[in-house]
Amino acid sequence: MAGGGFLLNGAGAPDYGGALTVPVVVTCLMAASGGLIFGYDIGISGGVSEMESFLKKFFPGLLKTTRHASKDVYCMYNDQALTAFTSSLYAFGMVGTLVASRVTRRVGRKAIMVIGGSMFLVGSLVNAAAANLAMLIVGRMMLGLGLGFSGQATPVYLAEMSPPRWRGGFISAFPLFISVGYLVANLINYGTSRIPEWGWRLSLGLAAVPAAVMVLGAVLITDTPSSLVLRGKHDHARAALQRVRGKGVDVDAEFSDILAAVEHDRRNQEGAFRRILRREYRPYLVMAVAFPVFLNLTGVTVSAFFSPILFRTIGFGSDAALMGAIILGLMNIGGIIASGVAMDRYGRKLLFAIGGALMFTCQACNAYNKDLRIYSGVCIAATLMTRARPWLFVCLQVAMASIAGTHLGHGSKMPKGYAVAVLVLTCVFSASFSWSWGALYWTIPGEIYPVEVRSAGQGTAVALNLGLNFVQAQCFLAMLCSLKYGVFLFYAFWLVVMTAFAMALVPETKGVPLDSMGHVFARHWYWGRFVKDHKFGNEST
């Protein structure tokens with residue numbers, strides 16, 4: 001291998017060196033600010049959906065239903081037109097991601113981020129001026145296309161620009177900005193809910209602010225060296241790499257590996273989407289599908305969409321429900337920060353184990369027992385005795401189902417103490433998600449793909465995630481109405497499956513350079529039967 005450098009962790013992966021420079025920090029933070037539009041929309045949609053002024057203008061029939069709900073509180077927000085307001089964005093986000101995956105090789109990741117931010121900016125202004133439901137949905141479509149473009153490009157941009165030893169922390173800045181955007185959106189909702197008639201317009205229109213931040217940031221940063229090399233701009237690529245790695249750093253080894261990876265891509269002219277279906281790329285295809293599927297089956301996405309509605313369902317007033325969503329946002333930020341610090345120090349798999357244990361416990365505590373304290377005590381004692389951390393996660397899921405099943409439904413509101421318990425469990429669940437799948441969903445798919453299928457792999461993962469967001473957003477309120485507290489048990493079951501998958505089949509990628517990921521998969525106990533270690537086969541440590 002050209003200038004391979006020394007090896008990390010004795011595993012055969014080269015360490016190219018490079019300091020934590022100001023340019024790389026500024027560049028990555030400006031790129032990661034694209035996460036603001038994701039988080040802002042998730043937070044603003046849920047809050048606006050329960051504002052009376054918004055419901056009065058677009059969903060007057062639903063407003064009458066919620067005011068006179070007497071039979072089943074689980075079903076009082078079950079309205080397909082309302083869910084279409086949320087879910088339409090994600091359907092077009094999926095389309096935007098697939099389009100961006102096709103054109104990113106020709107125009108570069110920077111241009112894709114600029115286009116995505118611009119479309120989101122236009123969509124936010126259309127929504128703020130909406131005069132009818134059709135105009136509102138058109139605005140959501142523009143927002144979705146913007147999310148699709150930015151979600152396809154930003155995580156890969158961060159992975160390609162970050163030094164390997166700090167890559168996890170830099171990529172986790174993207175979900176951190178998602179959490180910040182979510183928190184800011186809920187704070188804005190809390191304030192605008194007090195403005196009669198037009199408060200919802202202000203909430204939707206202020207989405208233009210994070211969109212403008214993203215566009216400005218994307219315009220000011222350079223494209224990635226890999227993207228520049230793909231378009232034949234070798235001199236610009238080397239200069240960009242030197243700038244982010246530091247003036248005194250020898251970048252010959254890293255740049256040679258980038259050139260080699262791109263040359264390998266060019267020797268095979270087969271399209272990236274067709275290529276990723278071949279046997280030797282099977283692990284990457286599995287990850288591109290499994291990560292978004294499991295992310296949605298944690299249940300946290302719909303909880304974030306509809307958290308104010310969920311909190312109102314269990315008995316909180318409008319202001320208290322919005323405040324609960326704000327607390328949820330703070331927990332998200334805390335979990336993401338902790339994950340960003342830990343993943344490059346202790347590895348990715350430990351985060352999956354701890355996060356899976358806590359999330360399962362939260363989703364579980366709500367379903368079978370009438371006394372939460374007894375059930376929680378049994379779950380925690382069993383967990384400590386067996387040291388089975390993933391099962392702690394499932395117990396929390398069952399705890400929430402237990403409370404809801406015993407104390408909610410048939411026109412009754414949940415007693416205050418139990419409602420607060422659900423809020424606490426939801427917050428712990430949210431922090432656990434942020435610590436594990438929330439951060440690692442963007443980190444691992446963003447770093448594992450070979451350059452020849454990188455756009456296709458990331459595009460598939462983001463498009464599938466947005467498509468599943470659409471399905472869940474469209475179906476969740478109906479699921480809540482039909483399954484009631486059983487919805488928590490549904491998600492708890494899948495938490496067991498996904499934690500087992502992560503521990504058994506996701507390789508540890510801490511500190512591994514992007515162009516050496518094939519080595520990690522080739523040495524894996526299962527994926528080694530698909531990936532051949534041509535690059536490192538004759539090298540020794």
Side-chain angles (χ1 to χ4, degrees), residues 16 18-40 96-97 100-101 103-121 146-164 166-178 180-181 208-247 249 251 254-255 258 262 340 442-443 446-447 451 454-455 458-459 462 513-514:
Y16 299 120
L20 191 64
T21 63
V22 172
V24 74
V25 172
V26 172
T27 298
C28 288
L29 286 179
M30 294 181 79
S33 66
L36 288 172
I37 64 176
F38 271 82
Y40 188 89
T97 299
S101 300
V103 301
T104 188
R105 291 168 62 88
R106 292 193 291 271
V107 302
R109 309 202 193 284
K110 171 180 174 176
I112 293 295
M113 290 189 289
V114 172
I115 294 170
S118 300
M119 287 192 291
F120 196 91
L121 179 62
L147 285 185
F149 271 66
S150 60
Q152 191 279 334
T154 303
V156 176
Y157 182 97
L158 292 169
E160 291 181 345
M161 293 297 278
S162 306
W166 294 294
R167 186 176 59 246
F170 277 115
I171 300 179
S172 69
F174 185 71
L176 175 61
F177 274 102
I178 293 177
V180 170
V209 175
V213 170
M214 178 185 174
V215 171
L216 179 62
V219 167
L220 294 177
I221 59 180
T222 184
D223 214 336
T224 69
S226 294
S227 183
L228 290 167
V229 170
L230 279 169
R231 289 176 285 142
K233 300 181 179 181
H234 290 204
D235 292 340
H236 289 86
R238 185 181 181 86
L241 183 63
Q242 189 73 67
R243 183 161 52 252
V244 295
R245 295 293 181 259
K247 292 182 179 180
V249 176
V251 298
E254 185 173 4
F255 190 64
I258 292 173
V262 172
W442 296 103
T443 301
E447 67 185 0
V451 67
R454 194 167 292 162
S455 294
Q458 183 68 12
V462 176
L514 290 186

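We count residues from 1, following the sequence as given. All values below come from the heavy atoms of this structure, side chains included, with hydrogens, waters and symmetry mates left out.
The list of salt bridge (charged side-chain N to carboxylate O under 4.0 Å, His left out) pairs with a residue in residues 210-225, not counting sequence neighbours, reads D223-R231.
Nearest heavy atoms, I112 versus A153: CG2-CB, 3.6 Å. L36 and P210 get closest at one heavy-atom pair: CB-CB, 3.7 Å. Of all non-hydrogen atoms in I171 and A159, the two that sit nearest each other are CD1-CB, 3.7 Å. Here the shortest heavy-atom pairing between G146 and I37 reads O-CD1, 4.4 Å. Here the closest non-hydrogen pair linking S172 and T443 is N-OG1, 4.2 Å.
F174 is linked by a ring-ring contact (aromatic ring centres under 6.0 Å, His included) to F38, W442, counting only residues two or more places apart in sequence or in another chain. With sequence neighbours left out, A111 forms a side chain to side chain contact (heavy atoms under 4.5 Å, CB included) with V107. Taking L29 as the reference, V25, A173, F177 meet the side chain to side chain contact (heavy atoms under 4.5 Å, CB included) condition, with sequence neighbours excluded. Partners of V251 by side chain to side chain contact (heavy atoms under 4.5 Å, CB included), not counting sequence neighbours, listed by chain and number: R238, L241, Q242, R245, V249. Judged as a side chain to side chain donor-acceptor pair (under 3.5 Å), and not counting sequence neighbours, the contacts of T224 are E160. With sequence neighbours left out, the side chain to side chain contact (heavy atoms under 4.5 Å, CB included) criterion links V219 to V114, V215.
Note that the CD1 atom of I258 and the OG atom of S226 stand 4.5 Å from one another [nearest 0.5 Å]. Distance check: Y157 OH to M113 CE gives 5.5 Å after rounding to the nearest 0.5 Å. Rounded to the nearest 0.5 angstrom, F170 CZ and L176 CG are separated by 12.5 Å. Atoms OG and CD, from S101 and Q152 in turn, are 4.0 Å apart once rounded to the nearest 0.5 Å. Atom CD of E447 and atom OG of S162 lie 9.5 Å apart (nearest 0.5 Å). Separation of atoms CG (L216) and CE (M30) is listed at 5.5 Å; rounding is to 0.5 Å.
Panel note: side chain T27, backbone V24; no donor-acceptor pair is recorded below 3.5 Å. The closest donor-acceptor contact from the side chain of S150 to the backbone of L147 lies under 3.5 Å.
Side-chain atoms of R454 and R109, non-hydrogen and from C-beta on, do get closer than 4.5 Å to each other. At least one side-chain heavy atom of M161 sits less than 4.5 Å from a side-chain heavy atom of T222. Side-chain contact between M214 and F120 is absent, with no heavy atoms from C-beta onward closer than 4.5 Å.
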